[in-house]
Asks: 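Got a structure for you, questions after.
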Amino acid sequence: MNNWEQYVRKVTPYVPGEQPNSTNMIKLNTNENPYPPSPKVLEALSGFEADRLRLYPDPTASELVQALADYHGVNPENVFVGVGSDDVLAMSFLTFFNSDKPILFPDITYSFYDVWAELFRIPYQRPELNADFSMQLSDYYQENGGIVFPNPNAPTGLLESISAIEDILAHNKEVIVIVDEAYIDFGGATALPLLQQYENLMVVRTFSKSRSLAGMRIGYAIGNAKLIQYLNDAKYSFNSYTMNQTSLALGMASVLDQEYFEKTCAQIIETREWTKQELASLGFTFPDSKANFIFASHPDNPARDLFAALRKEHIYVRYFDKPRIDNYLRITIGTKEEMQILIDFFKDYMK
Ligand SMILES: *Cc1c(COP(=O)(O)O)cnc(C)c1O
């Protein structure tokens, strides 16, 4: 090793799902939305004046923050926006997880959490999920430096009840509890009402899945004003202009089109339920997903083989070569037509 290398902040990075550059593929590997963004977003995009790009964006993102505050019935002081929820979560880890005690998140969960913990040198523990992938609530009663988990969980799709979340909050009033609601719009009950009672709760959302805007990079957090202020302090100490002009304009347009949002979410839920039935009749087992993906396993066909066979046909799903989940495929819900092709492939493969 060179001398200077000993001072490098070394990290093992997060590995995102493949983004193959191909047109004739079925892409069910990164939980993107199969439908285009709202027509209002497309209008805002074509009406966007390129000359505005000369100017710095509004560092407070006030219009988008106001639109989100109105949407959720909170005050602008309760909303923080960032470059995708990954940015919001990373900033939150940096800001709130500053204890010598370990933060807690499940052993099977969004695989960015341990990467941020490593990057920021935050000690962490990963309590094991139960065999059915539910959270063992008593694991979260121990002393800790903060808690974070997605609800529904990724990559399992399993939703925890509001009473389960409240139980975790009731046992952890001394630390920040982050609920990552990346997939909540696909039929889950949000933890947002608990903000009334728990000032240490922060809820994180994204435009990437339910709003079809993964390419735009927009995420946000909702929490009490003091907590949001701390987040903003960290942000302004890092990069004041996280949100670019186009993200602000297009994000606004998306929030204002409630009808389209509800319609596309309902379509995905319907296709998910259809896909569950088809997979079950092929012998797959899976937790009852409330997300836009299904985490499926087959008793006779190893997930690794299925993954490779699908890939040959340009059907991309996600496979994690990790303990406890290496016989599962995470399959994003695409259009009904895409799911039909997937099911037809399985039928043919298992003949
Ligand atoms: C997709 C995802 C994110 C990140 O979403 P972006 O807003 O695109 O950065 C965060 N958390 C979970 C659990 C996710 O699945």
Side-chain angles (χ1 to χ4, degrees), residues 13-19 27-34 37 41 61 64 68 79-94 97 103 105-117 119 126 129 133 135 147-160 165 177-188 190-191 202-222 231 235 239 242-244 247-248 250-251 254-255 261 265 268 272 287 289-295 317-318 320 322 325 328 330-333:
Y14 172 76
V15 183
E18 269 183 288
Q19 295 291 358
K27 192 167 182 306
L28 308 174
N29 68 335
T30 52
N31 298 343
E32 289 144 331
N33 198 305
V41 171
L64 178 60
L68 286 167
V79 181
F80 175 84
V81 293
V83 185
S85 54
D86 285 341
D87 179 45
V88 174
L89 286 161
M91 200 58 72
S92 304
F93 271 55
L94 182 66
F97 297 157
I103 63 165
F105 49 86
D107 64 334
I108 301 165
T109 195
Y110 187 39
S111 40
F112 226 137
Y113 298 157
D114 55 328
V115 174
W116 288 315
L119 175 66
R126 292 185 286 195
L129 292 178
F133 294 141
M135 288 169 88
I147 293 174
V148 58
F149 58 92
N151 197 43
N153 196 6
T156 66
L158 202 69
L159 182 81
E160 293 289 346
I165 294 176
V177 176
I178 301 175
V179 181
D180 179 352
E181 293 192 339
Y183 301 103
I184 201 69
D185 297 319
F186 301 108
T190 177
M202 198 179 76
V203 174
V204 176
R205 296 279 187 99
T206 177
F207 283 48
S208 298
K209 281 77 185 223
S210 55
R211 293 189 179 275
S212 307
L213 284 172
M216 219 50 233
R217 314 304 302 128
I218 308 172
Y220 60 103
I222 302 191
L231 258 185
K235 172 194 135 168
N239 175 5
T242 51
M243 304 296 288
N244 69 56
S247 296
L248 294 174
L250 273 50
S254 171
V255 179
F261 170 72
C265 287
I268 289 170
R272 178 187 70 207
S289 169
K290 288 277 186 249
N292 68 336
F293 56 83
I294 298 171
F295 199 50
V317 298
R318 193 85 195 259
F320 300 95
K322 289 187 170 180
I325 57 170
Y328 284 83
R330 193 196 65 190
I331 304 167
T332 304
I333 303 302

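Values in this document were obtained by computation on a predicted structure and should not be read as measured data. Each ligand, and each atom within it, is numbered from 1 in the order the structure gives.
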Asks: Let's go through Ser247 and Asn244 carefully: what are the C-alpha distance in whole Å and the side-chain angles of both, what is the deciding distance for side chain to side chain donor-acceptor pair (under 3.5 Å) to 0.1 Å, and is it a yes or a no?
Replies: CA-CA 5 Å; Ser247 296; Asn244 69 56; 3.2 Å; yes
Asks: Taking only Lys NZ, Arg NE, NH1 and NH2, and the carboxylate oxygens of Asp or Glu, determine whether Asp87 and Lys235 approach each other closer than 4.0 Å.
Replies: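 No salt bridge links Asp87 with Lys235.
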Asks: Indicate whether any N or O donor in one side chain lies under 3.5 Å from an N or O acceptor in the other, for Glu32 and Thr332.
Replies: no
Asks: In order of chain and number, which residues sit within 4.0 Å of ligand 1 by heavy atom?
Replies: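 For ligand 1, the residues that come within the 4.0 Å heavy-atom cutoff are Gly84, Ser85, Asp86, Leu89, Tyr110, Pro150, Asp180, Ala182, Tyr183, Thr206, Ser208, Lys209, Arg217.
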Asks: I'd like to check the salt bridge (Lys or Arg N to Asp or Glu O under 4.0 Å) partners of Arg126; sequence neighbours left out, ordered by chain and number.
Replies: Asp114
Asks: Of all residues at least two apart in sequence or in a different chain, which pass the side chain to side chain contact (heavy atoms under 4.5 Å, CB included) check with Leu94?
Replies: Met91, Phe120
Asks: Report the residues that fulfil side-chain hydrogen bond (donor to acceptor under 3.5 Å, both in side chains) with Ser289, sequence neighbours left out, ordered by chain and then residue number.
Replies: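 Applying side-chain hydrogen bond (donor to acceptor under 3.5 Å, both in side chains) to Ser289 gives none.
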